[in-house]
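Report on one structure; see the data block that follows.
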Amino acid sequence: MKVWDAIDFLNTLVDDSDPDLDLDQTQHLLQTSEAIRNDGHEDWFILTGFLHDLGKVLCLFGEPQWAVVGDTFPVGCKFSDSIVYPEFFNDNLDIHNEKYNSKLGIYKENCGLENVKMSWGHDEYLFQILKPHLPLPALYMIRYHSFYSQHRENAYDFLLNDQDHEMFEWVKKFNQYDLYSKAPEPPNTKELKPYYQDLISKYLPEYINF
Ligand SMILES: [Fe+2]
Ligand SMILES: [Fe+2]
């Protein structure tokens, strides 16, 4: 698909986990990216804001929403109480498995997130798609933007390496725009489209494999 066709396709989705149900998907993406743009950030950061939830097209391909949206978290070690609705892990067999239910589980201290398996979601999916095309801070923002227990609560510091710590400053910076960029006027998609088309063609190929 061309990126803009994917954006239009995504716009047919209603995300049940989204607190901003009054905004459609394209408006949420544009509010995020326009807020980043207004603060004078670099263009790859603006593009990242615009694309960050594009992985939610998985829902439209038939994946259930619980497997696509919501918090992401490491698997293979103890689930943190900082993950939203931790009581639901009581039904997860991993909490009874000695290999997986200790603090470190299958990991070594500070092994780096590159070596950590995360729960699946729209973040990891889009990261895999955009990996060859965007700079490292952008890839961290996309891959870990739903990893709230870390970027908000620092609950998994013991898994992060130095590069992760450095890059999570970007993830935190990004989160402000994802959650709190409410413009009084909804963004005008038609007016903004040429600017974003240019940005897309600067960084991405014409067609993307989803
Ligand atoms: Fe998201
Ligand atoms: Fe978002």
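All ligand and atom numbering here is 1-based and tracks the order in the structure. Please read all numbers here as calculations on a predicted model, not as lab measurements.
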Result block: side-chain N/O donor-acceptor pairs under 3.5 angstrom for residues 55-64, not counting sequence neighbours:
| from | atom 1 | to | atom 2 | distance (Å) |
| --- | --- | --- | --- | --- |
| K56 | NZ | D15 | OD2 | 2.7 |

Which atom pairs, one a donor and one an acceptor, fall under 3.5 Å between side chains of residues 197-207 and the rest of the protein, sequence neighbours left out?
| from | atom 1 | to | atom 2 | distance (Å) |
| --- | --- | --- | --- | --- |
| S201 | OG | Q197 | O | 2.9 |
| S201 | OG | D198 | O | 3.2 |
| K202 | NZ | D43 | OD2 | 2.6 |
| Y203 | OH | D43 | OD1 | 2.6 |
| E206 | OE2 | K2 | NZ | 3.4 |

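Neighbouring protein atoms of the Fe ion (ligand 1) (N, O or S, distance under 2.8 Å, waters ignored): D53 OD1, H122 NE2, H145 NE2.
Around the CD atom of E109, the shell of radius 6.0 Å holds more than 12 heavy atoms that belong to other residues, nucleotides or ligands.
For the pair R37 and F45, the cation-pi test (distance below 6.0 Å, angle within 45°) is failed.
Relative orientation of the F73 and F79 rings is perpendicular, given thresholds of 30° and 60° on the angle between their planes.
With a 4.5 Å cut-off between side-chain heavy atoms of Ile, Leu, Val, Met, Phe, Trp and Tyr, the cluster of F88 takes in V84, Y85.
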